[in-house]
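Written below as structure tokens is the structure these notes are about.
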Amino acid sequence: MKPRSSTARAASNIALVKYWGKADPAANLPATGSLSVTLSGMVTTTRVVFGNGRGDDKLELNGVDATETATARVSRLLGRIRNMAGISDRAVVKSENSFPTAAGLASSASGFAALTRAAVPAAGLTADLDELARIACSGSGSAPRSLLGGFVELVPAAPGEAAGCTVRQLAPPGRWDLHLVVAVCSGGSKQVSSTEGMEHSRRTSTFYQAWLDRHGRDLDEARVAVDERDLERLGRAAESSCFRMHAVALGANPPLLYWSPATLAVIHRVWALRSTGPRGWITIDAGPNVVVLCEARDAAVLADEIGEVPGVERTLVERPGSGAEVIA
Ligand code: PMV
């Protein structure tokens, strides 16, 4: 076929109510729903070109050839799109992050959302949001949320349905100018990927079933909090979800600890500040970095306070941003 290309951009997202564990690891189907905010500044731009004959796909990340593992993960998603389009051409994929990948901020969410958005038209296909979400979910369970902007809920398919998930926007980015201060923390022990960490937790953690049982309550709370733009209510639901997710990981055998000393120091600083203000609430993914939710007016002071915590390498201030889009 004549080479056909498309370019898309997608921003990263941070889960306020997290998923941690898959109902079906082979189909990459999350065991629970999740609720996130799509960010404004941490963006991946991806160009996909199909039509260079048969052979292995090629992936370049920030101008450098990607590892075999990363390329294989991208190829799996492209294979699904090739099947849908009835084509067999290899793809050349070039992906750039607007944020420092070395700081541990690399996100599979923006990467797989941008890849899905670009690869579908490059293969000559059109797809609705449900179909895009199913494709993105096969790459990463957090990626479908980056298809939409603002506050987003992911609902996984029920057992018996076709594997995948749906996403819906709870509020557009302009509805609530919540700010997020990202503390990049040094000294994390060698990170176990979220895919490995959640599977290890599912198989061995004493707390995994309790996590599943309680999850719906955090989702209900967070949904209402977004609707009412109630920061304290959202912050409490986010901290409940975050600390229970890390408790599940700590309860695995052997235990998984994603935090560094700086992570813990930031938690203490944010909690100590909360009684006097500026008020912030914490969430932490599968790594040492801390994200602090706050009102717009408190973001600069919180960033300064957190930036002074020993072991914090830098801080970034983010706000709700838009969903993935095709740009060329
Ligand atoms: O599917 P992944 O690899 O993007 O896993 C995401 C895991 C967390 O970031 C910890 C939680 C979440 O819901 O984003």
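Since this is a predicted model, take the numbers as computed values, not measurements. Indexing begins at 1, ligand by ligand and atom by atom, following the structure's order. Any value given below was found using the heavy atoms of this structure, including those in side chains, with hydrogens, waters and symmetry copies removed.
- Close approach to Arg145 involves these atoms of ligand 1, each under 4.0 Å from a residue heavy atom: 12 (C), 13 (O), 14 (O).
- Between the side chain of Ser146 and the main chain of Ala11, a donor-acceptor pair closer than 3.5 Å is present.
- Heavy-atom contacts of Ser142 reach the following atoms of ligand 1: 1 (O), 2 (P), 4 (O), 14 (O) (cutoff under 4.0 Å).
- In summary, the atoms of ligand 1 found under 4.0 Å from a heavy atom of Met245, numbered by their order in the structure, are 10 (C).
- Side-chain contact of Ser138 with Asn28: a donor-acceptor pair under 3.5 Å is absent, judged by distance alone.
- Close approach of ligand 1 to Ala15 (heavy-atom distance below 4.0 Å) involves ligand atoms 12 (C), 13 (O), 14 (O).
- Rounding to the nearest 0.5 angstrom, the gap separating the CG atom in Leu180 from the SG atom in Cys294 is 7.0 Å.
- Protein heavy atom in closest approach to atom 3 (O) of ligand 1: Ser194 OG, 2.9 Å.
- Every atom of ligand 1 with a heavy atom of Ser140 under 4.0 Å away is listed here by number and element: 1 (O), 2 (P), 4 (O).
- For ligand 1, the atoms lying closer than 4.0 Å to a non-hydrogen atom of Met198 are 5 (O), 7 (C).
- Ring planes of His246 and Trp259: tilted class, angle from 30 to 60°.
- Atom numbering of ligand 1 starts at 1 in the shown order; those under 4.0 Å from a heavy atom of Gly141 are 1 (O).
- Note on Asp285 versus Lys18: salt bridge recorded, some NZ/NE/NH1/NH2 to OD/OE distance being below 4.0 Å.
- The shortest N or O to N or O distance between Ser108 and ligand 1 is below 3.5 Å.
- Asp89 and Arg82 are not joined by a salt bridge, as no carboxylate oxygen comes within less than 4.0 angstrom of a charged side-chain nitrogen.
- Among protein heavy atoms, the minimum distance from atom 8 (C) of ligand 1 is reached at Asp285 OD1, 4.0 Å.
- Classification of the Trp176-Phe151 ring pair by plane angle, with boundaries at 30° and 60°, yields parallel.
- Atom 2 (P) of ligand 1 has as its closest protein heavy atom Tyr19 OH, 3.5 Å.
- If you check the side chains of Thr38 and Asn13, you find no donor sitting under 3.5 Å from an acceptor.
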